[in-house]
*Asks:* 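Below is the structure I would like to discuss, written out as structure tokens.
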Amino acid sequence: MKSQITSVKQAYLLPAGSEITLRGWVRSRRDSKDITFIELNDGSRFRSMQLVVESGLVPDETLREITTGSSIAASGALQPVELKVAEVHVYGTADPAAYPLQKKGHSFEFLREIAHLRVRSNTFGAAFRVRNALSHAVHTFFQERDFIYVQTPIITTSDCEGAGAMFNVTSLNLKNIPRTPAGDIDWQQDFFTRPAYLTVSGQLEAETFALAFTKVYTFGPTFRAENSNTPRHLAEFWMIEPEMAFYDLEDNMRLAEEFLKFTIRHALENSREDLEFFNQRVEKTVLSTLEHVAESTFAHLSYTDAIKALQDARKTWEFPPEWGHDLQTEHERFLSEEIFKKPVIVTDYPKDIKPFYMRVNDDSRTVRAMDVLVPRVGEIIGGSQREERADVVVQRLRETGLDEKAYWWYLDLRRFGSVPHSGFGLGLERMMMYLTGLKNIRDVIPFPRTPGNADF
RNA sequence: UCCCCGGUAGCUCAGCCGGUAGAGCAGGUGGCUGUUAACCACUUGGUCGGGGGUUCGAGUCCCUCCCGGGGAGCCA
């Protein structure tokens with residue numbers, strides 16, 4: 001009798017009586033005198049499969065090895081909701097006294113310290129299946145709309161946009177750094193003959209592709225060397241950056257809204273079981289919020305109107321809202337959580353608090369920027385219409401104190417066939433927090449990198 | 001980086017005005033039952049985050065460093 005090797009996910013689709021072999025890791029085990037129940041999980045879906053072992057069928061010494069965390073193969077006949085085991089093979093044991101995962105719930109803080117094992121838990125199994133589904137949805141969304149996927153460089157030499165501190169990339173011997181006669185670091189002797197960094201954004205490079213392929217997107221890792229210690233920040237995270245020629249800010253906002261709704265609907269349809277777990281155990285508003293947002297229309301208002309609304313609100317602020325200052329976290333949350341109770345897009349920020357590449361409005365005080373704020377998570381998308389006028393970009397570079405020579409190729413885009421264009425950046429992990437209700441960004445990325453933490 | 005809170009058994013925590021360390025769960029042993037965060041009985045297990053100080057005596061008070069969490073800034 002030959003049995004078919006299947007995943008737990010597939011097994012639930014097979015008829016009773018099917019002879020199958022399952023392989024995976026033991027979640028828990030319960031013993032009776034003449035019968036043993038084993039929960040087997042292989043990560044293929046949230047549910048485990050219950051294995052029933054009647055006494056005498058499996059040697060005692062084998063049964064003894066089957067403890068929480070051990071890896072086994074089990075063959076037998078499927079019957080409703082479980083597998084009646086005829087034969088078991090143990091691949092690897094897991095000493096119960098040493099195996100850190102118990103049947104009981106653990107704190108996220110503890111599980112973070114065992115990131116190599118936490119993926120075997122309910123929460124993190126669900127989280128990373130959702131992350132997989134979300135990544136798939138990202139590509140599906142853009143590919144269905146004829147966007148070209150572009151891999152922008154991880155290593156960059158453009159001393160970028162002032163978008164936060166950067167990690168240096170060097171092959172110099174740090175114990176013996178070459179110096180110029182003046183005593184400065186002699187970058188000529190470094191690998192790239194100039195300072196190099198890990199990218200903080202693929203946007204500038206993506207713009208070059210957008211001005212050839214019309215619609216493009218990036219999806220890759222980005223790095224920030226900021227000493228940020230919050231549940232919303234990572235030193236290494238994944239960002240999705242679409243960039244579209246011939247799109248103005250309205251087109252850009254429409255796409256952002258469509259994108260969020262598409263990925264939410266995709267998750268609701270394809271990750272239902274995992275999301276139901278989050279809804280039950282992590283954040284009981286996740287499902288209702290997602291379903292609500294998938295059907296709602298995002299609120300829109302200008303930065304200037306937002307400031308007014310915040311000033312009119314009967315609320316005492318730690319930082320009173322004031323035109324010209326960036327919105328504080330408390331302001332953003334109030335807009336999305338209290339005033340609108342749904343995603344809000346704030347546009348047209350003062351130019352002095354935004355980067356050089358954003359298109360300057362006719363009032364010459366504001367730029368065509370947009371931030372999408374969602375309840376619970378805050379800023380999930382930041383984007384803008386790009387400044388396509390060569391003279392204005394140059395002026396903005398000078399105003400911000402950047403070296404226009406370093407941006408010669410970026411300025412070329414404005415000299416040769418320039419067009420209006422727009423784009424935005426979306427943090428994959430922020431989206432994950434929104435989908436799962438998990439409150440710490442370190443719990444939605446496999447191996448989080450934060451100040452002082454790069455284990456695993 | 002700043003401001004709060006915390007660090008005691010493998011995990012989650014209690015430990016009062018300083019007097020010499022405890023519970024639940026997990027683990028082990030036995031029992032019982034088609035069990036499902038199983039149940040019942042017994043039981044192993046601790047440099048009280050590190051260092052320094054005060055004191056007859058410090059888990060407890062003081063200083064300092066490290067680590068974790070929350071808030072703020074930076075942003076996605």
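What you see is a predicted model; the values in this text were computed from it and never measured. Below, chains carry the letters A, B, ... as their sequence lines are ordered, and counting in each starts from 1.
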*Asks:* Identify which nucleotide among C75(B), G34(B), A26(B) has an atom closest to any side-chain atom of Gln102(A), counting heavy atoms from C-beta outward.
*Replies:*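 Minimum distance to the Gln102(A) side chain belongs to A26(B).
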*Asks:* So, OP1 or OP2 of G69(B): does either fall under 4.0 Å of a side-chain N or O from Arg112(A)?
*Replies:*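 Arg112(A) to G69(B) OP1/OP2: side-chain N or O found under 4.0 Å.
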*Asks:* Test for a donor-acceptor pair under 3.5 Å between the base of C75(B) and the side chain of Ser228(A), counting only N and O atoms.
*Replies:*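 Flag unset: no donor-acceptor pair detected.
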*Asks:* Output the single nucleotide from G70(B), G34(B), A72(B) whose closest atom is nearest the side chain of Gln79(A).
*Replies:*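 Nearest to the side chain of Gln79(A) among the choices is G34(B).
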*Asks:* Whole Å only: how far is the CZ atom of Arg232(A) from the P atom of G71(B)?
*Replies:*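 Rounded to whole Å, this separation is 7 Å.
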*Asks:* Among the nucleotides G34(B), U1(B), G73(B), which one has an atom lying closest to any side-chain atom of Asn227(A)?
*Replies:*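 Per side-chain heavy atoms of Asn227(A), the pick is U1(B).
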*Asks:* I want to check one thing: is the phosphate of U12(B), taken as OP1 and OP2, less than 4.0 Å away from some side-chain N or O of Ser107(A)?
*Replies:*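 For U12(B), OP1/OP2 do have a side-chain N/O of Ser107(A) under 4.0 Å.
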*Asks:* Return the set of residues passing side-chain hydrogen bond (donor to acceptor under 3.5 Å, both in side chains) with Arg118(A) (not counting sequence neighbours), or none when no residue passes.
*Replies:*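 Per chain and number, Arg118(A) pairs via side-chain hydrogen bond (donor to acceptor under 3.5 Å, both in side chains) with Asp443(A).
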*Asks:* Would you say Asn440(A) places a side-chain N or O within less than 4.0 Å of OP1 or OP2 belonging to G70(B)?
*Replies:*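 True: Asn440(A) side-chain N/O within range (under 4.0 Å) of G70(B) OP1/OP2.
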*Asks:* Touch check for Glu82(A), heavy atoms < 4.0 angstrom, all strands: base, sugar-phosphate only, or nothing?
*Replies:*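 Here Glu82(A) touches the bases of the nucleic acid.
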*Asks:* In terms of side-chain heavy atoms of Thr230(A), which of A76(B), G69(B), C74(B) is nearest?
*Replies:*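 Closest of the options to the side chain of Thr230(A): C74(B).
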*Asks:* Nearest to the side chain of Phe37(A), heavy atoms from C-beta on, is which of G68(B), C74(B), U35(B)?
*Replies:*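 Nucleotide nearest to Phe37(A)'s side chain: U35(B).
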*Asks:* When you measure from the side-chain N and O atoms of Gln328(A) to the phosphate of A72(B), is any distance below 4.0 Å, counting only OP1 and OP2?
*Replies:*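 For A72(B), OP1/OP2 do not have a side-chain N/O of Gln328(A) under 4.0 Å.
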*Asks:* Categorize Asp34(A) for me: base, sugar-phosphate, or nothing, with a 4.0 angstrom heavy-atom threshold over every strand shown.
*Replies:*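 Counting heavy atoms under 4.0 Å across all strands, no contact is made by Asp34(A).
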*Asks:* Taking only N and O in the side chain of Arg30(A), is any of them less than 4.0 Å away from OP1 or OP2 of U33(B)?
*Replies:*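 Arg30(A) to U33(B) OP1/OP2: no side-chain N or O under 4.0 Å.
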*Asks:* C11(B), A76(B), C75(B): which one has an atom nearest the side-chain heavy atoms of Asp326(A)?
*Replies:*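 Output: C75(B).
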*Asks:* Could you state the CD-C1' distance from Glu318(A) to C2(B), rounded to the nearest angstrom?
*Replies:*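 The answer, rounded to whole Å, is 12 Å.
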*Asks:* Does NZ or CZ of Arg145(A) lie under 6.0 Å from the centre of the six-membered ring of Tyr217(A), at an angle within 45° of the ring axis?
*Replies:*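 Ring-cation test returns no.
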*Asks:* For the residue pair Glu207(A) and Gln203(A), confirm or rule out a side-chain donor-acceptor distance under 3.5 Å.
*Replies:*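 Result is yes, a qualifying pair exists.
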*Asks:* Yes or no on side-chain hydrogen bond (donor to acceptor under 3.5 Å, both in side chains) for Ser7(A) and Asp42(A), after CA distance, side-chain angles and deciding distance?
*Replies:* CA-CA 7 Å; Ser7(A) 65; Asp42(A) 63 1; 4.7 Å; no
*Asks:* Syn or anti for C13(B), taking syn as within 90° of 0?
*Replies:*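 C13(B): anti glycosidic orientation.
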